[in-house]
Protein chains: 2
Amino acid sequence: MHRRSKQKEAILRILRETTSHPTADWIYEQVRKEIPTVSLGTVYRNLKTMKEQGVILEMEFSGNLSRFDGNSDNHHHFRCDNCGRVFDIDEPVDNELDERVATSTGFLVSYHRLEFRGLCIDCQH
Amino acid sequence: MHRRSKQKEAILRILRETTSHPTADWIYEQVRKEIPTVSLGTVYRNLKTMKEQGVILEMEFSGNLSRFDGNSDNHHHFRCDNCGRVFDIDEPVDNELDERVATSTGFLVSYHRLEFRGLCIDCQH
DNA sequence: ATAATAACGATAATCATTACTAGTTAGGTG
DNA sequence: CACCTAACTAGTAATGATTATCGTTATTAT
């Protein structure tokens with residue numbers, strides 16, 4: 001069963017008050033302004049449980065955990081959530097998409113990455 | 001000017017001999033079989049320079065470096081390569097895409113992530 | 001109010017990656 | 001061919017994000 005805590009409530013409120021997509025560390029700094037003794041571990045723990053409950057969304061971004069490919073043309077990938085293997089996907093790359101986003105946002109869009117997730121054939125049983 | 005080394009050549013050959021998308025550590029283990037004294041740093045260094053030369057492709061995957069979102073419906077993101085900020089993108093989510101990939105691969109596709117990259121308005125000058 | 005235990009703060013551990021440093025080697029020049 | 005120098009190497013320390021541990025605190029059902 002779940003208990004309430006002012007730390008958890010502060011984290012969720014701060015997250016909902018911003019339109020940016022903050023990192024755990026940024027959230028930690030904000031929470032510290034009202035609860036100076038809060039621990040970074042507490043922020044991570046609560047973000048994790050709220051994510052599991054579907055209350056918030058975690059976006060994993062590029063950073064470390066790289067994988068390498070011997071040929072260097074743009075293509076999409078599928079990653080198996082169970083075994084972690086990565087497969088090439090044959091869907092054509094939609095360059096028009098970049099243009100649409102560019103005109104609607106005013107950003108300079110250089111490319112996009114499309115990553116499928118799920119279970120590969122071996123891991124479906 | 002560039003010099004050749006058997007380490008660099010082994011790394012590239014191993015990468016081209018596999019259809020999987022190996023991690024740096026996996027490549028390191030393979031190279032060790034023929035050059036037992038090779039260092040993990042050497043593998044990373046060569047992967048980095050080959051990536052910069054466009055010889056190989058680096059795919060950055062989810063891992064750490066997470067960002068969080070207060071609302072939890074599926075939408076796409078744009079990340080600025082200069083300031084690192086993340087913006088929501090209004091393009092509709094194409095669920096049909098998952099089905100197409102599922103039928104063509106036999107995988108169980110639960111979702112996809114679409115990430116645009118480039119420069120936001122503030123960073124174009 | 002009390003007892004059970006979820007959640008906490010502090011800190012150590014982990015994991016992928018990068019930085020540093022002293023020694024080695026490729027390859028152009030005399 | 002011998003030499004020189006900068007590129008490359010192995011080994012190791014450092015970094016940065018995240019997770020685990022552990023003794024303490026505090027929420028909530030009884």
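Within every chain, numbering begins at 1; the chains are lettered A, B, ... in the order of the sequence lines, protein sequences first and strands thereafter. No hydrogens, no waters, no symmetry mates; every other heavy atom, side chains included, goes into these values.
Each of B:Gly41 and B:His2 was assigned the nucleotide of DNA chain D with the nearest heavy atom; the assignment lying further toward the 5' end belongs to B:His2. Remark on DNA chain D: of its neighbouring residues A:Ser5 and B:Asn46, the 5'-side contact belongs to B:Asn46, judged by nearest-heavy-atom nucleotide.
Residues passing the side chain to side chain donor-acceptor pair (under 3.5 Å) test with A:Asp94, sequence neighbours excluded: none. Partners of A:Asp122 according to the side-chain contact (heavy atoms from CB on, under 4.5 Å) rule, which considers only residues two or more places apart in sequence or in another chain, are A:Arg85, A:Cys120. Under the rule for a side-chain contact (heavy atoms from CB on, under 4.5 Å), the partners of A:Gln7 that lie at least two apart in sequence or sit in another chain are A:Ser5, A:Ile35, A:Val38, A:Thr42. Listed by chain and residue number, nothing satisfies the side-chain contact (heavy atoms from CB on, under 4.5 Å) test with B:Arg3 (two or more places apart in sequence, or in another chain).
The CG-C1' distance, from B:Asp25 to C:dC15, rounds to 10 Å in whole Å. For the pair A:Glu29 CD and D:dA17 P, the computed distance is 12 Å after rounding to whole Å. Computed from coordinates, the A:Leu40 CG to D:dT21 P distance equals 17 Å when rounded to whole Å. A straight line from CG of A:Leu12 to C1' of C:dA7 spans 16 Å, rounded to a whole angstrom. Atom CZ of B:Arg45 and atom C1' of D:dT9 are 6 Å apart (whole Å). Nucleotide C:dA26 holds its C1' atom 11 Å from the CD atom of B:Glu9, rounded to whole Å. In this structure, OH of B:Tyr28 is placed 9 Å from P of D:dA10, rounded to the nearest angstrom. In this structure, the CG atom of B:Leu47 is 13 Å from the C1' atom of C:dA16, given to the nearest Å.
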Enumerate the protein-to-nucleotides 23-25 of chain C contacts in which both atoms are nitrogen or oxygen and the separation is below 3.5 Å.
none

Checklist entry - salt bridge (Lys or Arg N to Asp or Glu O under 4.0 Å) between B:Arg32 and B:Glu29: does it pass, once the steps are laid out? => result CA-CA 5 Å; B:Arg32 281 226 287 186; B:Glu29 291 303 331; 3.5 Å; yes
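In this structure, A:Phe78 and A:Phe87 have tilted ring planes: the angle between them lies in the 30° to 60° band.
Between B:Tyr44 and the phosphate of C:dT17, there is a side-chain N or O to OP1/OP2 separation shorter than 4.0 Å. Contact annotation: A:Gln7 does not reach the phosphate of D:dA26 (side-chain N/O to OP1 or OP2, under 4.0 Å). Contact annotation: B:Lys48 side-chain N/O to C:dT18 OP1/OP2 distance is not under 4.0 Å.
Here C:dG27 is the nucleotide among D:dC8, C:dC8, C:dG27 with the atom lying nearest to any side-chain atom of B:Arg4. Among the nucleotides C:dT17, C:dG9, D:dA10, the one closest to the side chain of B:Val38 is D:dA10.
In this model, a side-chain donor or acceptor of B:Ser39 finds a partner on the base of D:dG11 within 3.5 Å.
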Show every donor-acceptor pair shorter than 3.5 Å between a side-chain atom in residues 103-110 of chain A and any protein atom, with sequence neighbours excluded, or say none if there are none.
{"residue": "A:Thr103", "atom": "OG1", "partner": "A:Glu99", "partner atom": "O", "Å": "3.1"}
{"residue": "A:Thr103", "atom": "OG1", "partner": "A:Arg100", "partner atom": "O", "Å": "3.0"}
{"residue": "A:Ser104", "atom": "OG", "partner": "A:Arg100", "partner atom": "O", "Å": "3.3"}
{"residue": "A:Ser104", "atom": "OG", "partner": "A:Val101", "partner atom": "O", "Å": "3.2"}
{"residue": "A:Thr105", "atom": "OG1", "partner": "A:Val101", "partner atom": "O", "Å": "2.6"}
{"residue": "A:Thr105", "atom": "OG1", "partner": "A:Phe107", "partner atom": "N", "Å": "3.1"}
{"residue": "A:Ser110", "atom": "OG", "partner": "B:Arg117", "partner atom": "O", "Å": "3.1"}

